[in-house]
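Here the structure is a predicted model, which means the values were calculated and not measured.
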Amino acid sequence: MKLGFAALCLAGALAACVPHPPSPCPAGERSMQVDTLYFGTRQPEGVVAAAAWRGFVDAEVTPRFPGGFTWWLGEGQWRTVRGDIQRESTYILRVVHGDTLAESGAVAALAERYKVEFRQEAVLRVRSIACVAF
């Protein structure tokens with residue numbers, strides 16, 4: 001028993017001596033995940049109206065990311081599954097968040113919810129890591 005305890009203490013002491021990799025961010029900044037989502041607006045019977053988008057933001061985005069996010073309207077094009085080029089307006093949402101499974105899952109859930117609610121073939125998600133400071 002004493003030997004096991006001593007080995008455990010030694011292992012803990014040695015672990016404390018292992019150097020940690022340097023932070024990729026300068027002093028005063030921290031590493032966070034950045035997700036940018038592109039929500040198309042074209043639907044079989046029209047487009048996703050501004051009021052419907054704002055309702056989605058209020059009901060789905062805000063509860064998942066009450067700490068904040070930014071969105072804006074853009075224009076773009078993409079190739080559909082059928083091979084057609086489709087031009088449309090798109091709502092672009094950027095969320096800066098911690099690197100947790102819960103937050104990453106919340107972003108994925110937003111994309112899935114939008115596809116179902118607004119009958120979309122896809123929502124583009126672009127992930128990156130950034131150094132941030134508040």
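Within the 4.5 Å cutoff, no side-chain heavy atoms of Arg42 are placed close to those of Ser89. In this structure, the side chains of Tyr38 and Tyr91 stay at 4.5 Å or more apart for every pair of heavy atoms. Within the 4.5 Å cutoff, side-chain heavy atoms of Gln33 are placed close to those of Arg127. Side-chain atoms of Thr90 and Leu73, non-hydrogen and from C-beta on, never get closer than 4.5 Å to each other. Between Met32 and Cys25 the shortest side-chain heavy-atom distance does not fall below 4.5 Å. The closest side-chain heavy-atom distance from Glu121 to Thr80 is below 4.5 Å. When side chains are defined from C-beta on, Leu37 counts as touching Val107, because their heavy atoms get closer than 4.5 Å. With a 4.5 Å cut-off on side-chain heavy atoms, Val57 and Phe69 count as touching.
For Trp53 and Phe39, the ring centers sit closer than 6.0 Å to each other.
Both Trp72 and Leu124 are part of a single hydrophobic cluster, where members link through side-chain heavy atoms under 4.5 Å apart. A continuous path of ILVMFWY side-chain contacts below 4.5 Å connects Val48 to Trp71, so both sit in one hydrophobic cluster. One hydrophobic cluster holds both Val123 and Phe65 under the rule that ILVMFWY side chains link at heavy-atom gaps under 4.5 Å.
Counting all heavy atoms, side chain and backbone alike, Pro63 lies closest to Asp58 at CD-O, 3.4 Å. Closest of all the heavy-atom pairs between Ala122 and Lys115 is CA-CD, 3.7 Å. Of all the heavy atoms in Val95 and His97, the pair that sits closest is O-CD2, 3.7 Å.
Atom CD in Gln86 sits 12.0 Å away from atom CZ in Arg79 (nearest 0.5 Å). Atom-to-atom distance recorded for Ile129:CD1 and Asp99:CG is 6.5 Å, nearest 0.5 angstrom. Here CD of Glu117 is found 11.0 Å from CG of Leu110. Values are rounded to the nearest 0.5 Å. Annotation: the span from Arg30 atom CZ to Cys131 atom SG amounts to 11.5 Å, rounded to 0.5 Å. Separating the OG1 atom in Thr41 from the CD atom in Glu88 is a distance of 5.0 Å, to the nearest 0.5 Å. Atoms CZ and CZ, from Arg113 and Phe118 in turn, are 8.0 Å apart once rounded to the nearest 0.5 Å.
At most 12 non-hydrogen atoms from other residues, nucleotides or ligands lie less than 6.0 angstrom from CZ of Arg54. Counting non-hydrogen atoms of neighbouring residues, nucleotides and ligands closer than 6.0 angstrom, the CG atom of Leu101 reaches no more than 12 such neighbours.
Electrostatic pairing of Glu103 and Arg64 does not count as a salt bridge here, judged by no charged N lying under 4.0 Å from a carboxylate O. Look at Arg94 and Asp35 and you find no salt bridge, because none of the NZ, NE, NH1 or NH2 atoms lies under 4.0 Å from a carboxylate O.
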